[in-house]
Number of protein chains: 2
Amino acid sequence: MDTIGLARAKWEQHGWGGAAEGMAAVTSVMRAQQILQARVEEVMRPFDLSFARYEVLMLLHFSSRGSMPVKKAAQRLQVHPTSITNSVDRLETAGLVRRVPHPTDGRATLIEITDLGRETALKATEAVNRDVFSQPGLSGRRVSTLVNVLEDLRRSAGDFG
Amino acid sequence: MDTIGLARAKWEQHGWGGAAEGMAAVTSVMRAQQILQARVEEVMRPFDLSFARYEVLMLLHFSSRGSMPVKKAAQRLQVHPTSITNSVDRLETAGLVRRVPHPTDGRATLIEITDLGRETALKATEAVNRDVFSQPGLSGRRVSTLVNVLEDLRRSAGDFG
DNA sequence: CCACACTACGTGGACGTCCAGGTATCTGTC
DNA sequence: GACAGATACCTGGACGTCCACGTAGTGTGG
């Protein structure tokens, strides 16, 4: 019934034992992401938001000026700049953000959160905190363990500079 | 520099302390998936494969008859059936699998791996074992810890029956 | 034996992600 | 001050994922 356990057995069976645990780890992360993504998306649906767009909204909400260039948002959220462009297109249509010309750099576009955007962000945060983040499906100790282990992985990918 | 640490600080600062660790965990899983996905995709590129298509190929390779209905493949890989249809379209174009009518059920289509498919699957496995699974960016102990913790999460999502 | 519910698959579309390529703007150098 | 390279953004397209819907085949209760 455990598809990852089955795969690990096959790996060992074929003489790939040295890679079996790593395979299980990678596959587990993929599956965990899928599970958590689905939970978050469900919470976001009533607000006509996706997790990707929610992240953009919260980034702007927490920024000192309530606005930020596309490039900087992409760096902070660690996605390709065109993903931000895509999210902003939809957020702008929904009236949650607005594009403003950068005051000093003619190349850049500032993304600015609107009042409606802030309001929606806070409501969505309350819901996702209540329905997902407070109860991620793990005991408190294990949640911290998970964060710590993945910190190592993120470090190896250069996430800490 | 640590974007997740920054977000956690903001969460606590806004009185959402009870959800901060869960938020960090969920976000860490998302980021870890992104990192690992990118590594695997890079290894797959020389074989003209994606991780999704590789998984379909290995599933068929390990199956007793070398073939399987779409529905069953979707259940095993825990994705929507149309994702399998999509992967199979591309795998079929590449000559790695072939669609065969189900012998007894006229509704079903069997996906059958070809000799070229098996050959490609084994080469890709050797590469991904060498470049990713054997060196996931974590010590051996932590890899096992990660798998164990995520097992709990998967259990809470009903992955074990 | 036949009507009706169920099942398996495909199609079309939405969404998020990335890449390649193009345009406008900035910056540093001569 | 002009020009070459770098930078910021957008557009178009590939890919994977999911959903809603349609079509064909199965199976079952009357």
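Lettering follows sequence order; numbering is per chain, from 1. Excluded from the calculations below are hydrogen atoms, water molecules and symmetry mates; all remaining heavy atoms, backbone and side chain alike, are included.
Listed in residue order, the members of residues 121-128 of chain B having a heavy atom less than 4.0 Å from DNA chain D come to none.
C:dT17 atom C1' lies 10 Å from atom CD of B:Q37, rounded to whole Å. One can place CD1 of B:I111 at 10 Å from C1' of C:dC9, the figure rounded to the nearest angstrom. If you take CD1 of A:I35 and P of D:dC18, they are 12 Å apart, rounded to a whole angstrom. Between A:H102 atom NE2 and C:dT27 atom P the separation is 10 Å, expressed in whole Å. Regarding B:R45, its CZ atom lies at a distance of 12 Å from the P atom of C:dC18, rounded to whole Å. Atom CD of B:Q78 is separated from atom P of D:dG16 by 19 Å (rounded to the nearest Å). The distance between atom CD of A:E42 and atom P of D:dC19, rounded to the nearest whole Å, is 10 Å.
Dashed line: the shortest gap from a side-chain N or O of B:S83 to OP1 or OP2 of D:dG16 is not under 4.0 Å.
Side-chain contact annotation: B:E21 with A:S144, donor-acceptor N/O pair under 3.5 Å present. A donor-acceptor pair shorter than 3.5 Å cannot be found between the side chains of B:T120 and B:Y54.
Counting non-hydrogen atoms of neighbouring residues, nucleotides and ligands closer than 6.0 angstrom, the CZ atom of A:R76 reaches no more than 12 such neighbours. In B:E12, the CD atom is crowded: over 12 heavy atoms of neighbouring residues, nucleotides or ligands sit closer than 6.0 Å.
Counting non-hydrogen atoms under 4.0 angstrom, B:Q34 reaches the backbone sugars and phosphates but no base.
Note that NE2 of B:H61 and CG of B:L96 are 13.0 Å apart. Values are rounded to the nearest 0.5 Å. Atoms CG and CE, on B:L77 and B:M58 in that order, are 11.5 Å from each other to the nearest 0.5 Å.
A distance-only check finds a donor-acceptor pair linking the side chain of A:T125 to the backbone of A:A121 [under 3.5 Å].
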(request) Classify every nucleotide of nucleotides 4-15 of chain D by which part a protein heavy atom approaches to under 4.0 Å, writing B for the base, S for the sugar-phosphate alone and - for neither, in 5'-to-3' order. (result) ---BSSSB---S
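Paired with B:E92 under the rule salt bridge (Lys or Arg N to Asp or Glu O under 4.0 Å), one option of B:R99, B:R53, B:R98 passes, and it is B:R99.
The stretch residues 126-141 of chain B participates, sequence neighbours left out, in these side-chain hydrogen bond (donor to acceptor under 3.5 Å, both in side chains) pairs: A:W11-B:N129.
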